[in-house]
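Here, residue 1 is the first one in the sequence, and each next residue gets the next number. Source: prediction; values computed, not measured.
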Amino acid sequence: MQWILIFCLFFLFNVLPASSQTFWREVNSAPFNATINTCIAVHPATDDLFVGTASLGIFRSVDDGTTWQNVYQTDSVIFSLFIRNDGVMIAGGRGCVYRSTDNGATWSQHRFAGTHPVANVLFLPDGTILLGTGEIEDRDGIGVDVGDGVFLSQDGGVTWAKKNNGLAGSLAVTALTRMSSGRLVATTSNWNDRPFTGGVYYSDDGGAHWEFHHILIDGKHVVPDSIDVYSIDAMIVDDQDRLLISMRGAGYSWDVQNPVACEFVAATSNSGETWEILSVVPSSMFWMQATPRSMYIDQMGGIWCSTFGGNARGIFYSNDNGARWQQQISGLFRSRTGAYEKVFFAQQADGALYAVQEYDSHIYRSDSLVTGVQEPLPGMVSLSVMPNPIRGESAAVRFFLNRRATIRLTLTDITGAEQVVVSTGEYEPGEQILPLHLEHYVSGAYRLALEIDGVTVGTTMCRVVR
């Protein structure tokens, strides 16, 4: 029996070579040199950046990270930071939240009946806010999962009620999300206790009650037929309403007396009735942490994740629903521990992607997804693609010329490799609508660039979904 079947389908056989260009660049993070960044968020109305730290509080930048202002000062750790569409900001502390409704100008502190950090926050359409608590606590040199479970607020984060009906075990909540059906999903970690109680919990009544779903996966001779999940480290819902979770567990069919540890990523499109394995790492060595410790969906539906470890780890990107992955660590520093760590992502309206890494004082920016116009001509409207995402065989590119000009449209992939020149030639003034035929292109995100008389005047992202 092959002990490591393909050391990691996720990050070796299905990883594309990295781009030769520097993908990440450090923004001005001078105020943070004395501390570690813990979280990042973008205000949906102002596009301002907010960063939480381990010992200096919360900072805001109104100029894309060039300068920073300390808007909330505290020596307590800010563990998480989330902003609702109406501007309500919730920063997670230990047994408390910090709340702002005026773009971070003023803050109030609100406690809840717990002592553990706020790991995640979920805003529901009816205005309800859920938060999940949890951490790994050091007990005699051994990491133990602990938490206070889930709390609910119906007044914008001022008061909180515990909602743990049905939750069991450590109550260390690692992620919260909502599917299009309205079903809520909470994931927990509890790999120190037996029987394992980490895994997936569902709620169909707004978080009032939770139901545990034991996960058994048919590995089709790649992993054990039965895997008992003890920890879920990351979870997202993609633009196809698939639930993706990054898990660790034990395979009992190899050896009932000595179950073998296994890490894998799986997806379900039917609320957990069946699961598809996207990657697997069979290993008893816990430090081979190849599965994602965080996952993020960008504006175009691309999936970003971060993994722990050395050169083969770091940040990865997939634009084809997890089938293939591109390592994107160019410009990313290793943390103070000497390894790549869990990364938190946020994106501005123009597509600029930001990242902060645990145990790291840097703030990173990538303009790979930026869609703004760099050098607009007078009277020219923004470049656009309709429909977007492109689910059929063709689409239309729309833009406006205020004078007769030679144009060139270039399509490239996320790495910057040129795919095809869509159209070139001389055009009369006025609105231009040109066909974009992508019937032979695989699913993924692509950048469309418009050149007028040799000058790039606009870019936009389009996504192909097959």
Side-chain angles (χ1 to χ4, degrees), residues 79-80 82 84-85 88 90 92 95 97 110 112-114 116-135 145-191 193 195-217 228-247 249 266-275 294-297:
F79 292 94
S80 55
F82 300 87
R84 198 164 63 183
N85 287 336
V88 171
I90 301 293
V97 299
H110 307 276
F112 56 84
H116 298 294
V118 177
N120 41 77
V121 170
L122 177 65
F123 299 112
L124 300 184
D126 64 359
T128 300
I129 306 175
L130 291 179
L131 67 79
T133 61
E135 63 180 322
D145 292 305
V146 291
D148 301 302
V150 175
F151 294 80
L152 181 148
S153 175
Q154 295 180 321
D155 54 12
V158 176
T159 60
W160 297 88
K162 185 175 289 188
K163 295 293 180 179
N164 286 346
N165 193 346
L167 295 180
S170 68
L171 300 181
V173 178
T174 56
L176 291 168
T177 195
R178 178 182 182 272
M179 306 195 75
S180 62
S181 64
R183 167 169 279 186
L184 305 183
V185 188
T187 56
T188 65
S189 179
N190 189 27
W191 66 290
D193 296 336
F196 295 131
T197 53
V200 176
Y201 291 81
Y202 293 135
S203 175
D204 293 312
D205 56 8
H209 302 84
W210 298 93
E211 180 182 356
F212 178 71
H213 279 239
H214 186 71
I215 299 176
L216 293 175
I217 297 179
D228 201 356
V229 176
Y230 52 74
S231 177
I232 297 182
D233 299 302
M235 172 176 63
I236 53 172
V237 173
D238 67 12
D239 60 355
Q240 300 181 49
D241 205 37
R242 288 192 313 167
L243 184 67
L244 283 75
I245 46 183
S246 173
M247 300 174 278
T268 179
S269 57
N270 54 13
S271 296
E273 295 300 322
T274 59
W275 292 86
S294 69
M295 290 191 283
Y296 178 80
I297 300 286

Return the orientation label for the Phe212 and Tyr201 ring planes: parallel under 30°, perpendicular over 60°, tilted otherwise.
->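 Aromatic pair Phe212/Tyr201 classed tilted.
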
Describe, in one word, how the ring planes of His213 and Tyr202 are oriented to each other, choosing from parallel (under 30°), tilted (30 to 60°) and perpendicular (over 60°).
->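 Because their plane-to-plane angle is over 60°, the rings of His213 and Tyr202 count as perpendicular.
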
Find the distance between CG (Leu124) and CG (Leu176) and round it off to the nearest 0.5 Å.
->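 Leu124 CG to Leu176 CG: 9.0 Å, rounded to 0.5 Å.
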
Roughly how far, to the nearest 0.5 Å, is the OG1 atom of Thr128 from the CD atom of Gln154?
->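 Separation between the atoms: 5.0 Å.
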
Which heavy atom in [X] sits nearest to a heavy atom in [Y], and how many Å separate them?
X	Y	result
Leu130	Gly206	CD2-O, 4.4 Å
His116	Glu135	ND1-OE2, 2.8 Å
Met235	Thr177	CE-CG2, 3.6 Å
Ala267	Arg242	CB-NH1, 4.0 Å
Ser203	Ala208	OG-N, 3.9 Å

Let me know which of Thr159, Val97, Asp155 forms a side-chain contact (heavy atoms from CB on, under 4.5 Å) with His110.
->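 Filter result, single survivor: Val97.
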
Quickly, which of Asp204, Asn165, Leu167 forms a side-chain contact (heavy atoms from CB on, under 4.5 Å) with His209? Name it, please.
->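 Only one option passes, and that is Asn165.
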
Just wondering, do Phe123 and Ile90 contact through their side chains at under 4.5 Å, heavy atoms?
->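 They are in side-chain contact.
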
Taking C-beta and beyond as the side chain, do Leu122 and Phe82 meet within less than 4.5 Å on heavy atoms?
->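 A side-chain contact under 4.5 Å is absent here.
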
I'd like to know if the side chain of [X] and the backbone of [Y] have a donor-acceptor N/O pair within less than 3.5 Å.
X	Y	value
Asn164	Val150	yes
Trp210	Leu184	no
Thr174	Ser189	no
Asp148	Thr133	no
Asp145	Ser170	no
Thr187	Ala175	yes
Arg178	Val237	no

Decide side-chain contact (heavy atoms from CB on, under 4.5 Å) for Leu131 and Phe151; before the verdict, give the C-alpha distance in whole Å, the side-chain angles of both, and the deciding distance to 0.1 Å.
-> CA-CA 5 Å; Leu131 67 79; Phe151 294 80; 3.7 Å; yes

